[in-house]
Amino acid sequence: ELLGWLDARPEVTIERRPGTTFAYLGFNLEDPVVGDIRVRRAIAHAIDREAIIRYVWAGSARPAGGILPRGHWAGHPDLIGLPYDPERARALLAEAGFDAARPARIVYKTSTNPVRVRIATVMQDQLAQVGIQAEIRSYDWGTFYGDIKAGNFQVFSLAWVGIKMPDIYRYVFHSDSVPPAGANRGRWSDPRVDALIERAEAADSLEEQARLYRLVQERVMEVLPYVALWYEDQVFVARHGIEGYRVSRDGSYDGLVDARWDRREARR
């Protein structure tokens, strides 16, 4: 809503660039409910990402298939996430033993950021439509992040910001990276993924590294320790007179080095 209002202001310039901030849902794989792959798949199929991007983000995001965008040298060009399919979600829940008399119940943790709470509320409704009862619990950032690092959650939403290298896969998915050693917060242990990450790190060429990291991403899509949501765009808003600033994909402020103030342009 704010960007729509600013777009109509003649004294304001808005620049947009596809971003690399990766939003996702994380799961505690030791939990008896979301530890079931069928429930995680049901959640993925129940979320209408396109609708959220259109109506909440006003188009300022793109569906994601993995942490690294498809255009990244180690990204996967064919992964875009599981499609919105509520019927498939209901079937998976039935396979997992859930129905109207015994609905799947989850606790969804997020921060108190109004946008994140709004998105959680939309997802809560979408999940309810397939038979998943989600209780939203929002906390101040310190409490929320402390719970995530401690593994005190069933489902949470977060975003990785400024990721540029595939080293992130060891930090997030290797079994040796369970906190405090890393950010494998869902306690995922997969010998196949561990081996692929280690082989990629030892590979002699970028081509071989990229091939192995794509296999990691395919395995992540298969097991779903994360549900990939979207990449959030970067938006730069300035009054007329600010020149030379280039919006970065990772949201950094490096472009301020070349930014300058033109008073004559500002008075126009």
Side-chain angles (χ1 to χ4, degrees), residues 1-6 14 16 19-31 33-34 39-40 43-44 46-64 67 81 103-130 132-163 168 171-172 178-180 182-187 224-237 248-253:
E1 292 88 349
L2 179 59
L3 286 177
W5 179 81
L6 288 169
I14 296 179
R16 293 178 173 87
T20 58
T21 296
F22 169 73
Y24 66 95
L25 293 181
F27 301 100
N28 186 338
L29 272 65
E30 296 177 346
D31 180 81
V33 178
V34 298
V39 175
R40 298 196 299 277
I43 290 172
I47 296 172
D48 189 347
R49 296 179 298 162
E50 295 283 359
I52 295 173
I53 289 171
R54 180 182 308 145
Y55 296 111
V56 179
W57 286 111
S60 295
R62 295 160 296 131
I67 297 177
R105 291 184 172 88
I106 63 172
V107 173
Y108 176 156
K109 290 190 174 183
T110 188
S111 70
T112 52
N113 180 293
V115 174
R116 304 303 170 183
V117 173
R118 183 178 180 189
I119 290 171
T121 303
V122 173
M123 289 186 183
Q124 180 186 47
D125 180 69
Q126 292 177 347
L127 293 170
Q129 293 178 36
V130 303
I132 299 173
Q133 295 183 5
E135 176 189 346
I136 298 171
R137 295 183 185 174
S138 60
Y139 301 91
D140 66 89
W141 174 251
T143 302
F144 170 60
Y145 196 50
D147 277 357
I148 302 311
K149 290 191 293 183
N152 182 23
F153 62 86
Q154 265 187 304
V155 182
F156 70 91
S157 61
L158 265 177
W160 284 106
V161 180
I163 302 303
I168 186 68
Y171 186 60
V172 173
V178 171
N184 184 352
R185 297 156 183 157
R187 278 62 180 170
L224 291 180
Y226 278 15
V227 166
L229 297 175
W230 46 73
Y231 306 111
E232 298 170 12
D233 291 352
Q234 299 298 336
V235 183
F236 172 65
V237 182
S248 64
R249 296 192 68 194
D250 63 359
S252 72
Y253 294 106

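Nearest heavy-atom pair across A46 and L127 is CB-CD2, 3.8 Å. Contact detail for L224 and R40: the closest heavy-atom pair is O-NE, 2.9 Å. Contact detail for F27 and V34: the closest heavy-atom pair is CD2-CB, 3.9 Å. Shown here for I47 and M123, the closest heavy-atom pair between the two residues is CD1-SD, 4.0 Å. Residues P225 and L29 come closest through the heavy atom pair CA-CD1, 4.0 Å. The shortest non-hydrogen separation linking L158 to R185 is CD1-NH1, 3.9 Å.
No side-chain donor-acceptor contact under 3.5 Å links R105 to the backbone of Q133. Side-chain N or O atoms of E232 include none that pairs as donor or acceptor with a backbone N or O of T21 at under 3.5 Å. Judged by distance alone, the side chain of N28 and the main-chain N or O of G151 form a donor-acceptor pair under 3.5 Å. Listed for the K109 side chain is no donor-acceptor partner under 3.5 Å among the backbone atoms of Y139.
Looking at W160 and Y226, their side chains do bring a donor and an acceptor atom within 3.5 Å of each other. Counting only N and O atoms by type, the side chains of D48 and Q126 include no donor and acceptor under 3.5 Å apart.
Considering only heavy atoms from C-beta on, E135 comes within 4.5 Å of V107 through its side chain.
When each of I119, I136, I132 is paired with Q124, the side-chain contact (heavy atoms from CB on, under 4.5 Å) condition holds for I136 and for no other.
Residues passing the ring pair (Phe, Tyr, Trp, His ring centres under 6.0 Å) test with W5, sequence neighbours excluded: none.
Separation of the Y24 and F156 ring centroids falls under the 6.0 Å cut-off.
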